[in-house]
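Please see the structure below; I have some questions.
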Amino acid sequence: MASNPIFIEMLMKAAGQTNRPRFRKSILRPHLEVGMIEMTIPDKPRSSKQKYRLTKTGRELLEKHPEGEKRNE
């Protein structure tokens with residue numbers, strides 16, 4: 001995932017997940033809490049237009065471990 005915002009469906013597909021509630025609880029929420037990714041509309045977390053993007057911290061981690069991005073292409 002680059003710094004371009006993407007929808008949750010694309011994140012789920014990249015992670016190989018199909019169960020949205022499980023994905024939100026086990027993958028999305030922990031990454032949001034530690035500041036790796038952020039919402040584009042933080043005031044409306046359940047908006048149908050909600051997208052997610054890497055934070056500066058997330059981009060720095062990808063630069064240190066580039067194999068993570070290759071795996072999700």
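Worth knowing before you read on, the calculation uses all heavy atoms, side chains too, and leaves out hydrogens, waters and symmetry mates. These figures come from a predicted structure and were not determined experimentally.
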Ignoring hydrogens and angles, write down the donor-acceptor pairs under 3.5 Å from the side chains of residues 8-17, residues two or more places apart or on other chains.
| unit_1 | atom_1 | unit_2 | atom_2 | d |
| --- | --- | --- | --- | --- |
| E9 | OE2 | R20 | NH2 | 2.6 |

* **Shortest non-hydrogen separation from L28 to I37 and the atoms involved** => CD1-CD1, 3.3 Å
* Asked: Do the non-hydrogen side-chain atoms of T40 and Q50 ever get within less than 4.5 Å of each other?
  -> yes
* Any Y52 side-chain heavy atom under 4.5 Å of M39 side chain -> yes
* Structure fact -> Closest non-hydrogen atoms of I27 and P30, given as atom of the first, atom of the second and distance, are O-CD, 3.4 Å
* Structure fact -> Taking every heavy atom of L61 against every heavy atom of M36, the minimum-distance pair comes out as CD2-CE, 3.0 Å
* To do: Give, for atom CD1 of I6 and atom CZ of R53, the distance between the pair rounded to the nearest 0.5 Å.
  => 12.0 Å
* What's the shortest heavy-atom distance between G35 and T57, and which atoms? -> O-CB, 3.9 Å
